[in-house]
Amino acid sequence: MKYVELLIKGIFIGLGKIIPGVSGSLIAMSLGVYEEAVERITYFFKDIPRNVVYFLFLGMGVMVSILFGSKIVLFFLNHSYSPTIFLFSGLVMGAVPTIRSKIKNKNLHYVCTLLFFILFLNLILSLKGGKEFVYENTIIGNLQVALIGFLEAFTMIVPGISGTSLFISLGYYSFIMELFSNIFSIIKTSIQIPIFFCLFFLIGVYVVSIIMHYLLEKKERLTYTLILAFSYSALFFMLKDAVMKSQGIFDFLISPFFFFIGFYLCKKIE
């Protein structure tokens with residue numbers, strides 16, 4: 001039962017990676033998976049069999065979402081954009097009380113730090129998208145694929161950062177969606193792409209997990225304040241976008257209901 005639950009949580013985390021503005025790692029935190037996963041990655045070689053089984057089920061859920069859930073999510077985004085975004089906003093909001101409870105001494109310094117991070121992140125998230133990346137089998141092209149792999153790991157591990165939004169801003173979104181959706185055909189024609197991507201993705205997961213584990217242990221208050229700032233910033237942009245793209249009074253009325261469903265689901269399975 002534990003592993004079935006882990007598989008289901010992995011599916012939600014994977015969906016969080018697909019939708020623009022949503023952070024897969026923040027969904028993982030919402031569902032109570034994040035800290036254990038980071039610790040297991042950091043000390044992976046101390047108990048390899050148990051860690052392999054843990055990440056096998058969690059990873060299967062994520063991969064099911066990415067490989068097969070993309071079309072489903074795309075369908076709902078095209079036909080019911082606002083309710084879908086409100087649903088995931090509810091999942092994100094469900095994590096906020098848990099994160100806030102981990103921050104001790106909410107004094108003036110904490111408030112100023114939180115506001116600074118929120119303003120800074122809103123500035124970064126407001127940046128317009130870059131030129132679309134087109135892969136070429138050159139040293140520069142393969143280095144960019146390696147960079148994309150590392151960034152995918154970074155956005156997956158650091159809570160609050162939407163990998164989808166970042167890749168859209170940098171012009172990598174179309175490339176990475178093509179890679180995920182047509183992985184088998186790409187392996188047949190350009191095997192170096194998944195090799196460079198996966199190698200630097202795994203390196204990134206390990207390195208960033210060690211850094212996050214250190215920060216959560218040694219700089220807990222600052223780290224959770226930053227995560228909270230990411231959460232508030234992501235919520236602001238997600239809800240603003242959902243309201244602006246709301247299609248008629250029905251969407252406007254039903255979207256808050258989906259928000260509370262997301263919030264309830266988060267609290268139910270975290």
*Test side chain to side chain contact (heavy atoms under 4.5 Å, CB included) on Leu58 and Ile13 and set out the steps.*
CA-CA 9 Å; Leu58 187 65; Ile13 294 167; 4.0 Å; yes
Reported [atom1]-to-[atom2] distance for the pair [X] and [Y], which is rounded to 0.5 angstrom:
X: Phe260; Y: Met93; atom1: CZ; atom2: CE; value: 9.5 Å
X: Asn51; Y: Glu36; atom1: CG; atom2: CD; value: 9.0 Å
X: Gln144; Y: Asn142; atom1: CD; atom2: CG; value: 10.0 Å

[X] and [Y]: same hydrophobic cluster, using ILVMFWY side-chain contacts below 4.5 Å?
X: Val145; Y: Ile140; result: no
X: Tyr43; Y: Leu56; result: no
X: Phe196; Y: Ile139; result: no
X: Phe150; Y: Leu143; result: no
X: Leu6; Y: Ile48; result: yes

*Side chains of Phe86 and Val243: does their closest heavy-atom pair fall under 4.5 Å?*
yes
*Does the side chain of Phe197 come within less than 4.5 Å of Ile148's, by heavy atoms?*
yes
List the atom pairs, with distances to 0.1 Å, where a side-chain N or O of residues 199-218 and a protein N or O form a donor-acceptor pair under 3.5 Å, not counting sequence neighbours.
from: Ser209; atom 1: OG; to: Val205; atom 2: O; distance (Å): 2.6

*Are the side chain of Tyr34 and the backbone of Ile157 linked by a donor-acceptor contact shorter than 3.5 Å?*
yes
*Taking every non-hydrogen atom, the tightest pair across Ser80 and Pro83*: O-CD, 3.4 Å
*Would you please classify the geometry between the Phe55 ring and the Phe44 ring as parallel, tilted or perpendicular, with 30° and 60° separating the classes?*
tilted
